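These notes are about the structure you will find just below.
The shown structure was predicted, so the numbers you read here are calculated from the model rather than taken from an experiment. Remember, it's 1-based here, ligands and their atoms both numbered in the order they're listed.
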Amino acid sequence: MKSHTLLMPLDMHLHLRDAVMLENVAPLTAYSYSGAIVMPNLVPPVTTLEDVKAYKQRIMAAVPNDFFEPYMTLFYKNYDKAFLESVRDHITAIKLYPDGATTNSDGGVSSFDIEEMRETLETMSALEIPLCVHGETAGFVMDREAEFMSIYELLATNFPKLKIIMEHITTKEAVAMLDKYDNLYATITVHHLLLTLDDVVGGMMMPHHFCKPIAKRPEDLDALLNVALEAHPKVMFGSDSAPHPQNKKESCGCAAGVFTAPISLQLLCEIFDQYGKLDNLQAFVSDNAQNIYGICPEFKEVVLEKRTFVVPEKYGSVVPMYAGKAIGWSIESVE
Ligand SMILES: [Zn+2]
């Protein structure tokens with residue numbers, strides 16, 4: 001049987017939530033990943049050193065038997081130099097949300113006034129703290145990411161030493177930015193390597209495919225596949241796995257978020273195998289992220305086999321993407 005081994009898989013964009021949901025979903029990622037960038041959009045968001053330390057403790061308590069490193073982040077606000085120096089050793093990045101752009105992003109940035117942001121971003125640059133960005137404007141939903149490119153340009157040119165991660169990119173415009181500015185990087189989800197808007201609303205409305213940024217056009221999907229499959233050195237896997245209870249998804253006013261944590265490695269193997277690019281998957285799910293962030297994850301070896309895996313209908317209260325469907329690859333062992 002065909003198999004494929006991955007070393008130290010990393011998920012560079014993950015939502016673990018809190019309380020009962022955290023206890024439900026954190027073990028699913030900790031099982032097969034060495035580490036993950038944990039997003040700070042709790043209610044209220046993670047904005048102090050005490051918040052970071054306490055949230056990390058709750059995460060570690062939820063994954064008692066696994067070697068797993070939660071790479072902690074702060075919710076972007078304008079912070080002063082003394083504060084940033086005091087948190088430097090406790091965080092891996094700071095995540096910027098435009099106000100109201102997605103789940104729990106209230107209180108994010110409402111105007112991109114570079115001068116107001118200068119002290120924070122220059123200090124981050126000097127302290128080598130990467131800036132992760134949810135890059136969407138408040139425009140028409142299909143254009144929000146493309147419209148945000150001018151803000152990425154403003155950030156990239158004003159802070160040329162700051163590492164800026166364009167999170168969960170979904171458009172060919174964002175892909176084109178990678179080769180335009182040295183300090184722009186990107187994460188790509190697995191669902192954006194599989195879905196277009198047709199898979200969300202082209203037929204019956206599919207709440208478990210609904211997320212922000214929304215899946216785009218076939219030409220965008222092709223552009224994302226190109227850079228992911230070649231493991232472009234500035235591109236990393238970040239699942240943006242975002243659990244919501246079933247009643248928040250299958251309801252009037254469906255919450256944004258696709259839950260892929262327990263199926264992402266299997267799906268990635270299937271996609272990369274299908275295109276004959278399995279040899280590039282290691283770089284996409286770990287090596288590029290280690291280079292970009294300068295991190296050395298705990299050893300973990302995950303062996304996958306080309307054997308059918310039927311996605312469970314539910315993980316606790318959460319319905320995963322492709323629930324009940326068969327995926328071509330399974331996890332055989334984790335050591
Ligand atoms: Zn996210």
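- Shown are the protein N/O/S atoms under 2.8 Å from the Zn ion (ligand 1), given by residue and atom: H13 NE2, H15 NE2, D240 OD1.
- If you take CG on L224 and CG on L229, they are separated by 10.5 Å, rounding to the nearest 0.5 Å.
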> Step by step, would you call K161 with E128 a side chain to side chain contact (heavy atoms under 4.5 Å, CB included)?
Replying inline: CA-CA 8 Å; K161 296 256 163 66; E128 297 183 1; over 6 Å; no

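- The hydrophobic cluster containing M8 does not contain I292, counting ILVMFWY residues as joined when their side-chain heavy atoms lie under 4.5 angstrom apart, directly or transitively.
- Side-chain N/O atoms of K216 and T170 include a donor and acceptor closer than 3.5 Å.
- Around atom CG of N78, more than 12 heavy atoms belonging to other residues, nucleotides or ligands sit under 6.0 Å away.
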>> Show, in sequence, the C-alpha distance, side-chain angles and deciding distance for L304 and V302, and conclude whether the side chain to side chain contact (heavy atoms under 4.5 Å, CB included) test is met.
In response: CA-CA 6 Å; L304 293 107; V302 182; 4.0 Å; yes

